[in-house]
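We use all heavy atoms of the structure for the numbers below, so side chains are in, but hydrogens, waters and symmetry mates are not. As the structure lists them, so they are numbered: ligands from 1, and atoms in each ligand from 1.
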Amino acid sequence: MDKIIDCHMHFSAKGIFNKTAENIGLKCTLEEVQNEFKKNNIVLGIGMGVDICEENNLSNPQIIYHGKEKFPPFLAQCLGINALAINKENLKDTLDSFKQKLEENSTVGLKIYTGYQPYLATDKKYRDFYKLAQKYYVPVVFHMGDTANSMGKLKYSQPLIIDEVAVDFPKVKFVIAHCGTPWVADAVEVVAKNKNVYMDLSGLMEGKFKAKKQIKEFKPYLNIFRTWFNYLHDYQKLMYGSDWPLVDMKEYIKVIQSIIPKKAYDDVFYHNALKVFDRLPEYLKKQEKKIYD
Ligand SMILES: [Zn+2]
């Protein structure tokens, strides 16, 4: 395994990200991300746009980088959709602002916060965005499974619902984040049945830990993933992601390596992301030049 794409991370120093990062001893700065990437052979990270933890924030689209400098060459982004801020009156303007950002080549996907926001993936609020995703060749990533705070509502983040949007929008690629944990069997079934649905391996654990101890202590839990990935038997459908800064990159990579067969490392840690995020190969080619020139 010589290089990695981290297909699900955050670049946010707010709320829970800040708290967890502090506990691990991480700082959400560009310099730190770049150092960690270098140390771990990560060529690019896909950041999920999120401001939702900010109270009363009604902005759209949600982006990962607010700095004055140019967009960092080692990152790409999924635009976060804040459905709470969308109404009939502003829908057209909202869609226009997404279109504008989708024209930028650093945008490679859309992110929906089901569970944190009380709308099902099938809600009509989201259907225009699926059409947008199809038009701009970007996948839609859903937060799925457990929520990081007790204000979340779990019926919205149960992964079985993704089957319905996958059937209704067969030309759009969908990603179930966090393997829908703890509903791993449901998530895997949706991925197995639909050729346009994939999973990311981010957020399966978080906080400060050493991989070796963690792999031992959480063996029964990690066996669930080994079992259902074996059932799926298609490692082209899984992508590495960390949910950084909620974990230390080096330790998390080791945990994920322990639940994936060695022969699938290159696909899971690198190649699959290039196939799912259709606009990524071209972007990466340009960015690699910038990073290494
Ligand atoms: Zn995340």
Student: Would you give me the side-chain donor-acceptor pairs under 3.5 Å for residues 21-31, sequence neighbours excluded?
Tutor:
from  : atom 1 : to    : atom 2 : distance (Å)
Thr29 : OG1    : Glu32 : N      : 3.1

Student: As a test of understanding, state which of Ile215, Leu201, Val247 forms a side-chain contact (heavy atoms from CB on, under 4.5 Å) with Val255.
Tutor: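 With Val255 as partner, Ile215, Leu201, Val247 yield a single side-chain contact (heavy atoms from CB on, under 4.5 Å), made by Ile215.
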Student: Run the side chain to side chain donor-acceptor pair (under 3.5 Å) test on His178 and Ser202 for me, step by step, so that the C-alpha distance in whole Å, both residues' side-chain angles and the decisive distance to 0.1 Å come before the verdict.
Tutor: CA-CA 5 Å; His178 320 307; Ser202 68; 3.0 Å; yes
Student: Using a cut-off of 2.8 Å, count how many protein N, O or S atoms are strictly closer to the Zn ion (ligand 1).
Tutor: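 Those protein atoms number 3 in total.
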Student: So, using ring-ring contact (aromatic ring centres under 6.0 Å, His included) as the criterion, who are the partners of Trp183 when residues are at least two apart?
Tutor: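 In terms of ring-ring contact (aromatic ring centres under 6.0 Å, His included), with neighbours along the sequence ignored, Trp183 is linked to no residue.
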Student: How close do Ala83 and Gln117 get, counting heavy atoms only, and between which atoms?
Tutor: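 For Ala83 and Gln117, the tightest heavy-atom pair comes out as N-OE1, 2.7 Å.
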Student: Could you list the donor-acceptor pairs under 3.5 angstrom formed by side chains in residues 127-134, with sequence neighbours left out?
Tutor:
from   : atom 1 : to     : atom 2 : distance (Å)
Arg127 : NH2    : Asp168 : OD2    : 3.4
Tyr130 : OH     : Ala121 : O      : 2.5

